[in-house]
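Here's the structure we're looking at; comments come further down.
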Protein chains: 2
Amino acid sequence: MASVTDATWTALADPRRRAMLDVLRVRACAVGELVDELGFTQPATSKHLRVLRDAGLVRVRTHAQQRIYSVDLERMAELDAWLAPFRRLWNERLDELGRHLDRTAAAERGDDGDGGGRGDGDGAAKRTRGG
Amino acid sequence: MASVTDATWTALADPRRRAMLDVLRVRACAVGELVDELGFTQPATSKHLRVLRDAGLVRVRTHAQQRIYSVDLERMAELDAWLAPFRRLWNERLDELGRHLDRTAAAERGDDGDGGGRGDGDGAAKRTRGG
DNA sequence: GTCTTATATTCCTTGACAGGTATATACGCG
DNA sequence: CGCGTATATACCTGTCAAGGAATATAAGAC
């Protein structure tokens, strides 16, 4: 099982390819639609799609003369798996900060108790350090 | 606010740099420790660290003659934020699959009910399609 | 078959990046 | 100050990826 290869990351290193993935995430597209939407030339679009395909980040299906591209979520999940340990650390840090803030607020009010939990995995992106 | 720039992804595209991040995730390291642990030459190590630093993926702090590098979790969280919409789709797909399996199993047993929810953000990596 | 649409690939040139060696800087010691 | 350790940078070279233009393939219409 290929797992996340070098090609996967290399493919994501290019901003145009990330833009293509952002479009494809919303809906599957033919090559021509991507050309229209993003304004790259047709050969460039095809070449980038080739890279994404080799990286396992998109799938292609044929419909008449069109090739319909869509995101391969499984590979994305593997990427996510690499990132997960870091996210865990990040969430731990948020929890610490949260507990500290809660305690501080409680101390100021003169009571104690645990303010809302911060246990959601997705929340890492939502709660930003107050700066 | 820089957010996730090109440099961030480009930095991650190199397997050596990802290896360095994996080491630094566990504990902060001096350059020499990374050299010993990963076996790259000292200049190469410094250059890769420079790239990671410019990308905002690591921080450095000085301790005597040593430079102690550690992961910058905030930038990692931003990366995670880019990935989040894809993760959401992936989880939805798992939910669908899970509901389908639950329904199928229930139908076979002749009862009904909702098998455990799959609402945790982190779980994407844990539940793999039954292949 | 020929023509048209949709997409992929080739060729060429250019620019970015990696590794290696040598060297420069920073810090601490005496 | 000179010396040693720890790290960063400069220079050179080979490799690889990207863009553009032209061209090749594939599928449908007639």
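Throughout, a chain's letter reflects where its sequence line sits, starting with A, and its residues are numbered from 1.
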**Request:** Check whether any side-chain N or O of R16(B) sits under 3.5 Å from a backbone N or O of T45(B) as a donor-acceptor pair, and report yes or no.
**Result:** no

**Asked** Given the rule in the side chain to side chain contact (heavy atoms under 4.5 Å, CB included) test, do R18(A) and D6(B) qualify, once you have shown the distances and angles that lead to the verdict?
**Response** CA-CA 10 Å; R18(A) 287 198 303 280; D6(B) 247 31; 3.0 Å; yes

**Message:** Under 4.0 Å, heavy atoms only, any strand: does R17(B) hit a base, just the sugar-phosphate, or nothing?
**Reply:** sugar-phosphate

**Prompt:** With a 4.0 Å cut-off on heavy atoms, is R53(B) in touch with a base, just the backbone sugar-phosphate, or nothing at all?
**Reply:** nothing

**Message:** Go through it in stages, so that I can follow the logic: the residues are L21(A) and Y69(A), the test is side chain to side chain contact (heavy atoms under 4.5 Å, CB included), and I'd like the CA-CA distance, side-chain angles, deciding distance and then a yes or no.
**Reply:** CA-CA 10 Å; L21(A) 286 174; Y69(A) 283 85; over 6 Å; no

**Asked** Atom CG of D54(B) to atom P of dA18(C): distance rounded to whole Å?
**Response**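 My rounded result for the distance is 12 Å.
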
**Item:** Spacing between L52(B) atom CG and dA8(D) atom P, to the nearest angstrom
**Value:**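 Atom CG in L52(B) sits about 12 Å away from atom P in dA8(D).
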
**Complete:** Heavy-atom nearest nucleotide on DNA chain D taken for T10(A) and for H63(A); more 5' hit belongs to T10(A)

**Prompt:** Would you call V23(B) and L34(B) a side-chain contact if the rule is heavy atoms closer than 4.5 Å?
**Reply:**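 Yes, close enough: below the 4.5 Å cut-off.
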
**Request:** Apply salt bridge (Lys or Arg N to Asp or Glu O under 4.0 Å) to R25(B) and D22(B), showing your working.
**Result:** CA-CA 5 Å; R25(B) 169 169 56 79; D22(B) 278 330; 3.6 Å; yes

**Request:** Please state whether the rings of W9(A) and W82(A) are parallel, tilted or perpendicular, taking 30° and 60° as the class boundaries.
**Result:**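 Perpendicular, since the angle between the ring planes exceeds 60°.
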
**Message:** Within the 4.0 Å limit for protein heavy atoms, which parts of nucleotides 1-16 of chain C are touched? Write it as a string from 5' to 3', B for base, S for sugar-phosphate only, - for none.
**Reply:** ----BSBBBB------

